[in-house]
S.K.: 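Supplied in structure tokens, the structure appears directly below.
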Amino acid sequence: MSLLRQQPLAVQINRENCLVLQLSRRGRHFVVEHFSQQHHSSLTDKGLKPDSIVSALDYSATHYQKIPLDNNQQVEEQLLEKLPPQLKRNTGISYDYCTHNHGQEAEAVIGQRSALEELLVLLAPLKMPVQVVEPVYQSVVRAANAVLPYLWPDNTKFETNMAWIVVELRQQQSILLYCKNGVFQRLDSVDTNNLVGFLLQAQLSHQFSWVMSFGDKAIQSQLERQLSNQQMKHLALSTAPFFQNNVAPIVSALDNELVLLGLALRGFSQWHR
């Protein structure tokens, strides 16, 4: 199918719920054509245009690493040697990698095969081919880059090299994605109760110029107040520009479903790794 005609289906399964999003093209832009929430035990393709599926594995099921390479040893061997203990004990893993700096460095993603197989079983009732399953952080970074042109404040001063942190706000542990000029660099997690203090220390060491966040609504409101008091540049991320006249069934979808938007956009690019 032509890239101009395809409408990949973004599917995210969280516990008992399955969120589904499908984009369509409007001139040079993408807008949401379908957004729904289903129970994964009764997943159906009703109301969806047949296409391929793009989905994601959560942070707990994947591991990201960037390591220097020794030219005298196979890349795969070096990656497996540097796995964290919990993955070394897991015999079923899948991985993908690419090299940088003329083969001097490798960037890899390792996933638990059992989590991948479980996801594929849950997606089977949709009766559509699964095109891509990617780590969830890739979806978040892609979506953040897509919504930023709509959300930058009018007085924003752009620099040649801009660094920011995308924070997914969760009740216990929040996830931090470090980006430079929109390119993912690394991820971290921090106790949500200590998040502001952590960000202040990171700012003092010039690790970023902006904080961008989404996720838990109560934590988001609290974070906005705290960062404003610290005069830290903060941006609340929202997918609202892509919904336009298609109202989300739940208001929180506008600022929480970055993963779905990132997945849907991934399906339109056959060259993205």
Side-chain angles (χ1 to χ4, degrees), residues 12 14 19 21 32 56 58-60 62 64 66 135-244 247-248 250-265:
Q12 184 187 14
N14 296 322
L19 297 171
L21 185 144
V32 173
D58 194 46
Y59 302 101
S60 60
T62 59
Y64 170 83
K66 186 183 291 185
V136 68
Y137 69 81
Q138 290 184 340
S139 312
V140 171
V141 171
R142 186 181 306 111
N145 290 340
V147 300
L148 277 177
Y150 302 94
L151 302 178
W152 285 119
D154 293 337
N155 60 349
T156 301
K157 294 182 179 179
F158 296 96
E159 305 166 6
T160 303
N161 292 309
M162 292 185 68
W164 55 77
I165 298 178
V166 177
V167 184
E168 182 173 349
L169 301 168
R170 297 184 173 189
Q171 287 288 336
Q172 303 297 326
Q173 291 267 321
S174 290
I175 308 298
L176 284 69
L177 308 179
Y178 293 76
C179 301
K180 186 174 182 180
N181 293 336
V183 179
F184 173 76
Q185 302 295 310
R186 62 187 177 92
L187 62 83
D188 202 351
S189 62
V190 63
D191 188 315
T192 300
N193 291 329
N194 300 328
L195 178 59
V196 174
F198 184 92
L199 292 173
L200 287 172
Q201 288 297 321
Q203 186 187 45
L204 289 174
S205 57
H206 306 289
Q207 295 184 35
F208 65 92
S209 54
W210 283 83
V211 175
M212 304 172 184
S213 61
F214 71 103
D216 187 283
K217 298 285 286 184
I219 300 174
Q220 177 82 289
S221 298
Q222 183 180 8
L223 182 68
E224 288 179 341
R225 292 193 302 271
Q226 292 173 321
L227 295 186
S228 176
N229 292 337
Q230 298 293 337
Q231 296 184 331
M232 191 178 295
K233 297 176 182 177
H234 174 253
L235 200 61
L237 296 174
S238 172
T239 60
F242 285 81
F243 276 83
Q244 292 191 359
V247 180
I250 47 178
V251 174
S252 62
L254 295 178
D255 47 9
N256 283 352
E257 303 314 335
L258 282 181
V259 174
L260 275 177
L261 177 62
L263 287 171
L265 292 171

S.K.: Kindly indicate whether the side chain of M232, heavy atoms from C-beta on, has any atom under 4.5 Å from the side chain of L200.
M.R.: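 A side-chain contact under 4.5 Å exists here.
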S.K.: Working to the nearest 0.5 angstrom, can you tell me the gap between N193 CG and Q173 CD?
M.R.: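 The CD atom of Q173 is 10.0 Å from CG of N193, to the nearest 0.5 Å.
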S.K.: So among W164, W152, Y178, F158, which one has a ring pair (Phe, Tyr, Trp, His ring centres under 6.0 Å) with W210?
M.R.: W152
S.K.: What closest approach, in Å, do S205 and A202 show between heavy atoms, and which atom pair accounts for it?
M.R.: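 Reported closest heavy-atom pair: OG-O, 2.9 Å.
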S.K.: Quick one: CG on L21 to OG1 on T239, what's the gap to the nearest 0.5 Å?
M.R.: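 Here the interatomic distance stands at 8.0 Å.
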S.K.: Flag yes if more than 12 heavy atoms outside E159 fall under 6.0 Å of its CD atom; otherwise flag no.
M.R.: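 Yes.
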S.K.: To the nearest 0.5 Å, what is the distance between OG1 on T62 and CG on L187?
M.R.: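 Going from OG1 on T62 over to CG on L187, the span is 7.5 Å.
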S.K.: What's the shortest heavy-atom distance between S139 and V259, and which atoms?
M.R.: CB-O, 3.6 Å
S.K.: Check I219 against R170 and note the closest heavy-atom contact, atom names and distance.
M.R.: CD1-O, 3.4 Å
S.K.: Any side-chain heavy atom of E257 within less than 4.5 Å of one from F242?
M.R.: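 No, too far: nothing below the 4.5 Å cut-off.
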S.K.: Determine the minimum heavy-atom distance between L151 and S238, stating which atoms define it.
M.R.: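 That would be CD1-N, 3.6 Å.
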S.K.: Given 3.5 Å as the limit, does a donor-acceptor pair link the side chain of S174 with the main chain of V190, or not?
M.R.: no
S.K.: Could you measure the distance from the CG atom of L263 to the CZ atom of R142? Nearest 0.5 Å is fine.
M.R.: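 It comes to 7.0 Å.
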S.K.: Under the side chain to side chain contact (heavy atoms under 4.5 Å, CB included) criterion, do V166 and Y137 qualify, and how do the steps go?
M.R.: CA-CA 10 Å; V166 177; Y137 69 81; over 6 Å; no
S.K.: Check the surroundings of atom NZ in K66: do more than 12 heavy atoms from other residues, nucleotides or ligands lie under 6.0 Å from it?
M.R.: yes
S.K.: side-chain hydrogen bond (donor to acceptor under 3.5 Å, both in side chains) between Q171 and T192: does it pass, once the steps are laid out?
M.R.: CA-CA 7 Å; Q171 287 288 336; T192 300; over 6 Å; no
S.K.: Can you check whether D191 reaches F198 side chain to side chain, under 4.5 Å on heavy atoms?
M.R.: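 Contact flag for D191/F198 side chains = no.
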S.K.: With heavy-atom distances below 4.5 Å as the criterion, would you say the side chains of L177 and Y59 are in contact?
M.R.: yes
S.K.: If you look at every heavy atom in N145 and P149, which pair is closest and at what distance?
M.R.: O-CD, 3.3 Å
S.K.: Got a second to check how far Q220's CD is from H234's NE2, nearest 0.5 Å?
M.R.: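 If I round to the nearest 0.5 Å, the distance is 4.5 Å.
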S.K.: Give, for atom CG of N194 and atom CD of Q201, the distance between the pair rounded to the nearest 0.5 Å.
M.R.: 11.5 Å
S.K.: Would you say that L195 contacts L176 through its side chain, given a criterion of any heavy-atom pair below 4.5 Å between the two side chains?
M.R.: yes
